[in-house]
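Worksheet: the structure to be examined is printed underneath.
For the numbers below, each heavy atom of this structure counts, side chains included, while hydrogens, waters and symmetry mates do not.
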Amino acid sequence: MESFGYLGSVPVGLIRLDNGEISCEVITYGAAIRSLTVPDGNGRPRDVVLGFDTLQEYRKHDCYFGAAIGPVANRISGAACELNGQVLRLTKNDGEACNHSGCAGLNARLWSVMEETDASVTLSCIHPNGLGGIPGELRVAVTYRLRGKALCIEYWAVSSRDTLCSLTNHSYFNLDGHDSGPVNGHRVTLFSHSYTPTDAHSIPTGEIRAVVGTPMDLSHATLLGDRLDLDYEPIRNAGGYDHNWLIDPNDEGMVFRPAALVRSADSGIRMSVYTDRPCVQLYTGNYIPEGLAGKGGALYHRRQGLALETQGFPDAPNHPSFQPITLRAGKAWQSRTEYRFG
Ligand code: BGC
């Protein structure tokens, strides 16, 4: 493991994975994927995820570049909800809401390396009981594994008390390379026919709405540039896409199924996302600050990358119509998401 600076006096490490087809760097702060290099249409390597050069930048900016997110991904409205008849008060970090578990989420913790090979690493972390208002000591492990031209992410968690659990990864992809400007030229398909509408603060209303006939329909390959600036309320409110879609069940009734397909004609790279999660948040980097200094001197812009955060229902505890994200004490929570390149 190489050094990636110090958190106080504690060393932060950087792990390089390489299977001869694709390669990747992971840092122990936030178990964040710092780079992911895949061959383009001409066989030339391109680093397709946004990241920073230093630990200080990972700590300073709340973009969550590449990080593991949890215990509870996405927003909890009013930073409060009920569990077992008791009110949980989480920390507000997004107006009145709690986003991605507040300031004390898994993305801001130091992880330990449990196991490492040339092409895989397993990191673990403990989220202490009550931190950020979330009950239970949550033991979490995340494995990043390169298989062929795919990055496979496996999650495992167990809590000492009944709690809420919905883990994801917050990589921002740019299939032309992390330093190549906004993703407007990417074509996105979501294997979905419905989404969860939100209010002006990105809080779900509780409704599940069909996308047919609206700009939220991404069930056919859609050029992002044609949609991101539409004068359509959900898109206007979020400054682009920043919404949660319900992934269609597949014909064989398999839980692990395709969620999304992204292509860029420029690089010739395509990425398919497979997951066992019920939902996916497509976030088109609308809040990336203009001129943010990224890796290797690159300047990032608004919409420089897009995130496909596979997840449970957002704000689930506050909406009886949504599938719950409750995790019972002692029961293992497991999940798998794959990003496959071609
Ligand atoms: C959210 C965005 C938010 C971003 C960074 C995404 O998952 O959906 O609204 O700006 O994370 O916090």
Side-chain angles (χ1 to χ4, degrees), residues 50 62-65 69 73-77 94-97 99-100 168 170-176 180-248 259-266 271 273 277-290 292 300-316 318-319 321-322:
L50 276 54
D62 60 0
C63 305
Y64 304 88
F65 283 169
I69 302 289
N74 215 299
R75 292 174 176 81
I76 297 288
S77 63
D94 189 64
E96 289 301 300
N99 190 23
H100 299 324
T168 190
H170 211 295
S171 288
Y172 290 69
F173 297 94
N174 186 320
L175 300 186
D176 296 332
S180 63
V183 288
N184 294 41
H186 286 42
R187 281 177 201 279
V188 173
T189 309
L190 295 182
F191 296 87
S192 166
H193 288 87
S194 57
Y195 79 113
T196 51
T198 45
D199 66 14
H201 305 287
S202 292
I203 301 297
T205 59
E207 188 193 345
I208 294 173
R209 192 185 290 172
V211 293
V212 61
T214 78
M216 305 308 282
D217 189 349
L218 294 169
S219 63
H220 295 96
T222 303
L223 189 66
L224 286 180
D226 288 346
R227 293 279 179 89
L228 295 182
D229 292 310
L230 283 184
D231 193 12
Y232 178 70
E233 200 184 349
I235 292 179
R236 210 173 45 231
N237 280 343
Y241 287 119
D242 187 8
H243 302 85
N244 172 65
W245 278 260
L246 278 66
I247 307 163
D248 293 337
L261 175 64
V262 186
R263 276 182 297 172
S264 171
D266 177 21
M271 175 179 81
V273 183
R277 298 285 74 218
C279 302
V280 64
Q281 181 96 3
L282 167 63
Y283 169 53
T284 49
N286 316 320
Y287 307 121
I288 297 176
E290 260 317 308
L292 180 67
Y300 293 160
H301 303 279
R302 182 170 182 240
R303 299 179 179 156
Q304 179 98 9
L306 63 88
L308 284 159
E309 304 154 56
T310 56
Q311 61 185 1
F313 280 77
D315 201 23
N318 290 318
H319 304 285
S321 52
F322 290 178

**Prompt:** If you count the non-hydrogen atoms of other residues, nucleotides and ligands that lie under 6.0 Å from CZ in Arg277, is the total more than 12?
**Reply:** yes
**Item:** Minimum-distance pair of heavy atoms, taken over all atoms of Cys63 and Leu292
**Value:** SG-CD2, 4.0 Å
**Message:** Quick one about Asn74 and His100 (side-chain donor to acceptor, distance below 3.5 Å, no hydrogens or angles considered), yes or no?
**Reply:** no
**Minimum heavy-atom distance Gly206-Ser321, with the two atoms named** = O-OG, 2.8 Å
**Fill in**
Between Leu190 and Ala260 the two heavy atoms that sit nearest each other are CD2-CB, 3.7 Å
**Gap between atom OG of Ser192 and atom CG of Leu218 - 0.5 Å precision** = 8.5 Å
**Message:** Just by distance, no angles: are the side chains of Ser219 and Asp217 close enough, under 3.5 Å, to form a donor-acceptor pair?
**Reply:** yes
**Message:** What I want to check is whether the side chains of Ser264 and Asp176 have a donor and an acceptor closer together than 3.5 Å.
**Reply:** yes
**Message:** Tell me the closest heavy-atom pair linking Ala221 and Thr189, and the distance in Å.
**Reply:** CA-OG1, 3.2 Å
**Message:** side chain to side chain contact (heavy atoms under 4.5 Å, CB included) for Ile208 and Tyr195? Distances and angles first, verdict last.
**Reply:** CA-CA 6 Å; Ile208 294 173; Tyr195 79 113; over 6 Å; no
**Asked** For the residue pair Asn318 and Ser77, what are the closest heavy atoms and their distance?
**Response** ND2-OG, 3.4 Å
**Message:** Is any side-chain heavy atom of Arg75 closer than 4.5 Å to one of Ile203?
**Reply:** yes
**Request:** Carefully, step by step, assess Val273 and Thr310 under the rule side chain to side chain contact (heavy atoms under 4.5 Å, CB included).
**Result:** CA-CA 9 Å; Val273 183; Thr310 56; 4.0 Å; yes
**Prompt:** Among side-chain atoms of Asn174 and Ser180, is any donor-acceptor pair under 3.5 angstrom?
**Reply:** yes
**Request:** Inspect the surroundings of CZ in Arg187 and state if more than 12 heavy atoms from other residues, nucleotides or ligands are less than 6.0 Å away.
**Result:** no
**Prompt:** With distance as the sole test, does Asp199 use its side chain to make a donor-acceptor pair with the main-chain N or O of Pro204 at under 3.5 Å?
**Reply:** no
**Prompt:** Does Leu223 offer a backbone N or O that forms a donor-acceptor pair with the side chain of His186 under 3.5 Å?
**Reply:** no
**Request:** Please state whether the rings of Tyr172 and His170 are parallel, tilted or perpendicular, taking 30° and 60° as the class boundaries.
**Result:** tilted
**Message:** Within the structure provided, determine whether Val188 and Val183 are in side-chain contact (heavy-atom separation under 4.5 Å).
**Reply:** no
**Request:** Could you tell me whether Glu233 atom CD has more than 12 heavy atoms of other residues or ligands within 6.0 Å of it?
**Result:** no
**Prompt:** What orientation do Phe313 and Phe322 show, parallel under 30°, tilted 30 to 60°, or perpendicular over 60°?
**Reply:** tilted
